[in-house]
Amino acid sequence: MSGARFPISRRHLLAGAAALPFVAARGRAFAAGDPEVDTAEGRVRGIRENGVLAFKGIRYGEDTARYRFRAPVAAKPWNSVQSAQAFAPICPQRRAGSEPTSEDCLFLNVWTPEAHPRAKRPVLVYFHGGAYSNGTVTDPLTHGQHLAAGGDVVVVTINHRLNALGYLYLAEFDKRFADSGNLGQFDLILGLQWVRRNIAAFGGDPTRVMVFGQSGGGAKIATLMGMPAAKGLFHTAATMSGQQVTASGPGNAVARTRAYLSTLGLSDEQFASLLDIPIEKLVEGLQAHDPILGGSLYFGPVLDMKWLTRHPFWPDANPQSTDIPMILGNTREETRAFIDPRGDKLKGLDWGNIAARMRPELKIDLDPDWIVKSYRGEFPDWGPVELFYRATTAGRSWPGQVIEADARASAGAKRTWVYQLDHDSPVDPLRKAAHTDDIPFVFGTLAAEGSYSGTGEAQWKLSDRMMGAFVALARSGDPNHAGLPEWPHYELPERATMRFGLDTRAENDPRRFERELFARAPYIQPGS
């Protein structure tokens, strides 16, 4: 960032929010002065929002109801000016809440300080979390106006097909569906192709596109880094508590498809009925029991040997992506977001029952009694609750991030940086530094609904640092900037890690004990 501070302060943006409320419904009457941009498909009209130009609900793909379980088709050109002033419906899912949903869900959103082709600002493209089954980029935490203004960048957020619509594997049932199993990934690729084709008109630089995503969004990025069809569509990447070491094998994917069909009352021979079943019925089928993992049915990318021909980070980092500068991050106590500190799992937790309660939360097959004994020997001052959350975090998904970072370092990918969010929530002290808590710091949405960050001076300073690092990576391929202590590359054996918190600093291998403890057994990517 050439040592520059952000041109517009977060406080200024928040003050402007009261005067410029979000447009809540599609079909708003056009107003004089509404910004318009010509895309390759046609002209779109957005709104002015909190100091930037916002274009919401831009179609990048045709109605996927017409292409159910098939590869997406790019949006066809239109003649009249299309409204891009409110978010479009999101993909149907079990946890949609009050959000409008539709099988026709291939829409994206753009925020830009200035829609001028000569501006050539870095472009940050966000993929949402929710694994591969739920979620949306319309979450207030991921609205892009603060990041666009604060970082002087163009922000794009993309919705796509999820769950059965995006990842149900039907290739072994009928070759007409040879692309199924990875359709959600293809939607994202189609969205990135739209960015390459159109983003200059919004003031963006198509040669400086960074993808970033949290949780499932990060996993989608890790997968794209191993898909030849995505090569060249992005130039830097950042994953936030999201990793995909291995994809689902086709055998497990077929077993899940059969479980899904059975829940819908269909036999293998009746699978073609899926093409005509109402979308509401398809969503009901998502409650199927997973035959591999137990619990609700898992959906994710499939090693189909057509579009995904090797695992993303196994047996090593895919050579396709090792030259892409990349940030990988996690939060210190991820599982505080999944396992309610006030819930039954933690009620009455003590040294006599902690091992039994930990067992179902671990994804690495080690004796929980031995784990507890090892932790207590290393950290004698910790109580049962702190040990529970630290161990379930270190024994759940965090090892996947370590594997990916180590794989890149082993492959000589020197432009790799790793962080850990250490900031304890002042809004809910029992939450500490949990899964998703890094999102508002990067987006500058500390005051948004759903944020646990707090809005004090210290929190805004931390947001400056984290947002600045992501913007600097997009701008120059290096996250270091004037407001951040030096962030060394992640190399072996040092494993330099930036600890983002009220006392932000880099430290070598800060969780060495936990890393080595859980490295005694293999990490198997859930779902694969």
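If you read the sequence from its start, that first residue is 1, and numbering goes on from there.
Residues Ile324 and His235 come closest through the heavy atom pair CG2-O, 3.6 Å. Ala237 and Leu473 make their closest contact through O-CD2, 3.5 Å (heavy atoms, listed as atom of the first residue, atom of the second, distance). Of all heavy-atom pairs spanning Trp351 and Ile354, the tightest one is O-CG2, 3.8 Å. The two residues Ala521 and Ile364 have their closest heavy-atom pair at CB-CG2, 3.6 Å. The two residues Val471 and Gly151 make their nearest non-hydrogen contact at CG1-O, 3.6 Å. For Gln214 against Ser241, the heavy-atom pair with the smallest separation is NE2-CB, 4.1 Å.
Arg390 and Glu514 are joined by a salt bridge, as a carboxylate oxygen and a charged side-chain nitrogen come within less than 4.0 angstrom of each other. With salt bridges taken as basic N to acidic carboxylate O contacts below 4.0 Å, none links Asp464 and Lys461. At a threshold of 4.0 Å, the pair Asp478-Arg415 does not count as salt-bridged, since none of the basic side-chain nitrogens sits closer than that to a carboxylate oxygen. For the pair Asp428 and Arg342, the salt-bridge criterion is met [side-chain N within less than 4.0 Å of a carboxylate O]. Under the 4.0 Å criterion applied to side-chain N and carboxylate O atoms, Lys432 and Glu333 are not assigned as salt-bridge partners.
In this structure a side-chain-to-backbone donor-acceptor pair under 3.5 Å is missing from Thr101 to Pro92. A distance-only check finds no donor-acceptor pair linking the side chain of Ser463 to the backbone of Gln459 [under 3.5 Å]. Between the side chain of Arg408 and the backbone N or O of Ser321 there is at least one donor-acceptor pair closer than 3.5 Å. Looking only at distances, no side-chain donor or acceptor of Ser262 sits under 3.5 Å from a matching main-chain atom of Arg258. Arg336 contributes a side-chain N or O that, together with a main-chain N or O of Leu430, makes up a donor-acceptor pair within less than 3.5 Å. Between the Gln525 side chain and the Ala247 main chain, no donor and acceptor come within less than 3.5 Å of each other. A donor-acceptor pair under 3.5 Å links the side-chain atoms of Asn353 to the main chain of Gly348, judged by distance alone. Under the 3.5 Å distance criterion, the side-chain polar atoms of Gln145 are left unmatched by any main-chain donor or acceptor of Trp111.
Side-chain contact annotation: Arg357 with Thr392, donor-acceptor N/O pair under 3.5 Å absent. Residues Gln244 and Tyr132 have side chains that bring a donor and an acceptor to within less than 3.5 angstrom of each other. Judged by distance alone, the side chains of Glu361 and Thr335 never bring a donor and an acceptor atom under 3.5 Å apart. Between Ser215 and His435, the side chains place a donor N or O and an acceptor N or O closer than 3.5 Å (distance only, hydrogens not considered).
For the pair His128 and Asp139, the minimum side-chain heavy-atom distance is 4.5 Å or more. In this structure the side chain of Lys363 never reaches within 4.5 angstrom of the side chain of Ile524, judged on heavy atoms.
Ring to ring, Phe500 and Trp487 are close: their centroids are under 6.0 angstrom apart. Ring centers of Phe443 and Phe212: under 6.0 Å apart, within the cut-off. Ring centers of Phe186 and Trp307: under 6.0 Å apart, within the cut-off.
Note that the CD atom of Gln93 and the CZ atom of Arg161 stand 15.0 Å from one another [nearest 0.5 Å]. Note that CG of Asn182 and CG of Leu308 are 5.5 Å apart. Values are rounded to the nearest 0.5 Å.
Using the six-membered ring where Trp is involved, Tyr260 and Phe299 have ring planes that are perpendicular, over 60° apart on the 30 and 60° scheme. The aromatic rings of Phe87 and His143 are tilted relative to each other, their planes meeting at an angle between 30° and 60°. By the 30° and 60° cut-offs, the orientation of the rings of Trp382 relative to Phe379 is parallel.
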**Report entry** side chain to side chain contact (heavy atoms under 4.5 Å, CB included) between His489 and Trp417, intermediate numbers included
**Finding:** CA-CA 5 Å; His489 297 104; Trp417 296 267; 3.4 Å; yes
